[in-house]
> 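I have a structure here, written as structure tokens, and I will follow up with some questions on it.
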Amino acid sequence: MQGIEGQNSATTTAAAAGGGGLYTLPPTRFSSEDILFCIDVDPECLVEMKVTGPNGRPFTRLDTIKQGILLFIHSKLAINPDHRFAFTVLGKSVSWLRKEFSGEVDAALSAFRGLSADSSSSGQADLTQLFRIAAHEAKKSRAQNRILRVILMYCRSSVPPQHQWLATQKVFTLDVIYLHDKPGPDNCPQKVYDSLVEALELVTEYEGYIYESGQGLTRILLRHMCILLSHPQQRCVQDDVDVPKSLTKKSPTTESASVDESAPVSSQ
Amino acid sequence: MVSDRIPPLISTQLTHLLAHCPISIKVEQMWSGCMNSSLLDHFTLVIPFCLEYVRWDIIYNAIYPLAKPDVIFGPEDEHFRPYRGTIDSKNALTDWNSKDPTRLLTLVLELRDLYRDYQKKRVAEVDDERLKFEISTMLSREGIEMLMSSGLDKPEEVKFAVPLLDMDLNKMVLGSTWRHQQKIYLQVIYPVGRKYSTTPSAPRLKLVSSPELKSWFSVEESRLPAWLDGMCMAEYLPTLEEMLENQIREAVALVEVRRKFITALAPHFGRPIEADPVFCRKVSFLASSGTFAFLVHISIPLQFPKQQPVLVLQSSQHFNSHNVPIKSPIMNDYPWSPRWETSVMAERIFDFLVEECLNFKRYCNETMLQQR
């Protein structure tokens, strides 16, 4: 497995207590989230994942992203029913898929019905409009004592995203999920990853997380989506993320080591 | 309220009311006064009063947006005529300015005050010695609301809403973002029309709290002190308030007990995905068993540690036929003792889930197979 684990050097955030240190839960103000998904609809999102879906149909990156988002929404609402979601898509630039923030799963399902991949690649990915939309929405969220988070789901292996955003104020949090091909002579996923990290560090208000995978395994994306469930106001720096924690019997003297996650197993 | 169908001047006033009203008023329905129009210029407001609700219809006219609205009260209040006989004095409808966003709120609050006075007069007219006596002893209390309640098949009753405790409950919970003032009331219901007897029966009593309070304090769990024969409100209320005050102080302490418990779970389950830092009633973790990743949702009841936390597991990899992630049944029957140290409680829950997550994995796989 080719790791493209960059160092996500921490941007200092208001509320993050080090995950490596002792966990505390101070009685600070706590805001529900408005979460804006941005889904990359470049034709690269149609690349197939390793494992076929139900009925043996091919399962594309876009299918996996939809499943990941549904998992995320159901889980987030089970944690706290006050969180809300809206949707945009990224082709050459960003446009709305569903503008109103809603805590109903049906809103996501109806947004997905209007979601399809672009027929041809635009060769560019401009995030400026995404950041502009997010900054605007963040003001509205704040007025309702909510915080805004953008989750970008990116699929291109040769096109680093660009933007002209000045980020004079950091008013929203940015998380990124990056699905890509294995590195080769004709692509540059490492370069793309580095641009994503740079964008994240520039704009994010609270600690933002970025996860990548070139393995084509749905299970891994779903697991990353679960880590992204973590509430920005209560996060530690990404390097200190210690979840998921393995539930195995502890040995008498030491804590058990985590199970090796890269062991080849069936999809479930 | 943002809708293209509400005329802008009306929308602004209604939005201002909903955002700034000190009491929790809701809009129940909106409709158009004109048959040919889709513009919504009529709506019903549901207004809390005396621990019940009154419904008033606010009637604007989209064709004359600058005109002042009319208000229609409930059918049982046909004798409520605010502003009658006040031709020469000013009220909230005088010099109506439709461009002023605050006017509707001012109007509604003024009408509610007048309604309160109207109900007070109705109650004062009731010929019941005992009632008159009780009212006279309660008058010194601020904020009491009362209403006459009668219906075709119901006996006449007088209901009181007595605010209890001179404490600012909002300040007692650190970090709370309650928009409205939280309060606990005693609802007192007297039947009407009996002659004064030597041993008057007890009125019907019930504790009612503002709705948001229940994440921190449950009035349902409070047992009311006994109403002794021949007692009156003036004697009963201080006993009740003393009891409540103790319970409130206990509620403040219990938040910290729950907070400590959540913190004790972290060494076992890792950093929580999300935890409620204000009331400390819920926490969720992300755990795994082999390559199986799942969420652990823990909800902590107000009676913790007497009552044990409720556990639910949620898969990240198994979905039912509606694409909903599979959840375990709720678990609230595992080995538990309120006398354990907090760290032991956390350890025992961890040990329980180490076993249980294997059952859950099996349950998820079986459920998926059944769906094929």
Side-chain angles (χ1 to χ4, degrees), chain A residues 15 17 19 22-31 33 54 66-68 70-71 74-76 78-80 83 100 105 109 145 218-220 222-223 225-231 233-236 240-250 255 258-268, chain B residues 173-177 179 255-256 259-260 262-263 265-280 282-297 312 314-319 323-325 327 347 350-351 353-358 361 364-365 368 371-372:
Chain A
L22 204 59
Y23 174 75
T24 60
L25 183 66
T28 51
R29 276 175 81 104
F30 179 74
S31 311
E33 295 195 74
K66 285 195 230 176
Q67 179 154 43
L70 280 178
L71 168 68
H74 280 292
S75 307
K76 202 69 175 136
I79 291 170
N80 179 350
H83 297 306
E100 273 157 41
V105 177
L109 293 173
N145 186 34
T218 302
R219 172 174 59 77
I220 293 188
L222 297 182
R223 184 201 169 89
M225 291 305 283
C226 284
I227 301 178
L228 292 193
L229 289 169
S230 58
H231 194 291
Q233 288 173 326
Q234 298 180 341
R235 287 182 174 180
C236 59
D240 289 343
V241 168
D242 58 348
V243 294
K245 202 87 158 171
S246 182
L247 296 199
T248 51
K249 279 199 170 44
K250 298 225 176 60
E255 243 181 70
S258 323
V259 174
D260 180 5
E261 293 307 329
S262 59
V265 285
S266 68
S267 64
Q268 304 301 353
Chain B
V173 183
L174 291 173
S176 80
T177 49
R179 191 165 95 61
V255 175
E256 300 314 308
R259 191 188 309 280
K260 189 166 161 214
I262 291 177
T263 316
L265 292 167
H268 300 280
F269 290 95
R271 187 177 192 84
I273 290 291
E274 185 171 316
D276 157 20
V278 176
F279 305 107
C280 300
K282 325 187 258 190
V283 59
S284 292
F285 296 94
L286 181 63
S288 65
S289 175
T291 54
F292 173 45
F294 53 94
L295 288 166
V296 179
H297 301 298
V312 175
Q314 181 173 23
S315 175
S316 75
Q317 291 158 225
H318 306 86
F319 300 82
N323 244 331
V324 179
K327 274 181 167 165
E347 210 176 286
F350 180 81
D351 290 341
L353 287 179
V354 164
E355 298 292 331
E356 196 55 38
C357 71
L358 300 171
K361 185 149 96 178
C364 287
N365 285 327
M368 302 263 311
Q371 279 163 184
R372 295 263 157 82

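Side chains are part of it too, since the values below use all heavy atoms of this structure and drop only hydrogens, waters and symmetry mates. The chains referred to below are lettered A, B, ... by the order of the sequence lines, with proteins before strands, and numbering in each begins at 1. Quick caveat: nothing in here was measured; it's all calculated off a predicted structure.
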> Looking only at heavy atoms, which two atoms of B/Ser316 and A/Leu71 are closest? And how far apart?
O-CD2, 3.5 Å
> Between A/Leu229 and B/Leu295, is any pair of side-chain heavy atoms under 4.5 Å apart?
yes
> As an exercise: rank B/Gly270, B/Pro277, B/Gly175, B/Ser176 by heavy-atom pairs under 4.5 Å with chain A and give me the winner.
B/Pro277
> Under 4.5 Å from any heavy atom of chain A, what part of B/Lys260 do you find: side chain, backbone, both or neither?
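The answer is neither part of B/Lys260.
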> Is any side-chain heavy atom of A/Leu222 closer than 4.5 Å to a side-chain heavy atom of B/Phe319?
yes
> Please report the closest heavy-atom contact between B/Phe350 and A/Ser246, naming both atoms and the distance.
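In this case the closest contact between B/Phe350 and A/Ser246 is CZ-O, 4.3 Å.
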> Can you name the nearest heavy-atom pair linking B/Ile273 to A/Cys226, along with the distance?
CD1-O, 3.7 Å
> Which residue, A/His231, A/His83, A/Gln233, forms the side chain to side chain donor-acceptor pair (under 3.5 Å) with B/Glu274?
A/His83
> Grab the two heavy atoms, one from B/Ser284 and one from A/Ile79, that are nearest each other, plus how far apart they are.
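Taking every non-hydrogen atom into account, OG-CG1, 3.4 Å.
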> When rounded to the nearest 0.5 angstrom, what is the spacing between CG in B/Leu174 and OG1 in A/Thr28?
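OG1 of A/Thr28 is found 10.5 Å from CG of B/Leu174.
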> Is B/Cys364 close to chain A through its backbone or its side chain, or both, or neither, when contacts mean heavy atoms under 4.5 Å?
neither
> Below 4.5 Å from any heavy atom of chain A, which atoms of B/Thr263 appear? Answer side chain, backbone, both or neither.
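Contact with chain A: backbone and side chain both.
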> Restricting to salt bridge (Lys or Arg N to Asp or Glu O under 4.0 Å), what partner residues turn up for A/Glu33, sequence neighbours left out?
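A/Glu33 satisfies salt bridge (Lys or Arg N to Asp or Glu O under 4.0 Å) with A/Lys76, A/Arg149 only.
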> Write down the atom of A/Leu25, the atom of B/Asp276, and the distance for their closest heavy-atom approach.
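So the minimum-distance heavy-atom pair works out to CD2-O, 3.8 Å.
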> Answer yes or no: is there a side-chain heavy-atom contact under 4.5 Å between B/Arg259 and A/Pro27?
yes
> Just do the side-chain contact (heavy atoms from CB on, under 4.5 Å) check on B/Phe294 and A/Leu247 with the steps written out, would you?
CA-CA 10 Å; B/Phe294 53 94; A/Leu247 296 199; 3.8 Å; yes
> Check whether any side-chain heavy atom of A/Arg223 sits under 4.5 Å from a side-chain heavy atom of B/Leu286, and report yes or no.
no
> Given heavy-atom pairs under 4.5 angstrom as the criterion, report whether the side chain, backbone, both or neither of A/Leu228 touches chain B.
neither
> In terms of heavy-atom pairs under 4.5 Å, which option from A/Leu70, A/Asn80, A/Leu109 contacts chain B the most?
A/Asn80
> For A/Ala78 and B/Gln314, work out which heavy atoms get closest and say how close.
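That closest heavy-atom pairing would be CB-OE1, 3.6 Å.
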> Please identify, among B/Ile262, B/Val324, B/Val278, the residue contributing the most non-hydrogen atom pairs under 4.5 Å to chain A.
B/Val324
> Has the side chain of B/Arg271 got a donor or acceptor atom that lies under 3.5 Å from a matching backbone atom of A/Gln234?
yes
> In terms of heavy-atom pairs under 4.5 Å, which option from B/Pro272, B/Cys357, B/Ala293 contacts chain A the most?
B/Pro272
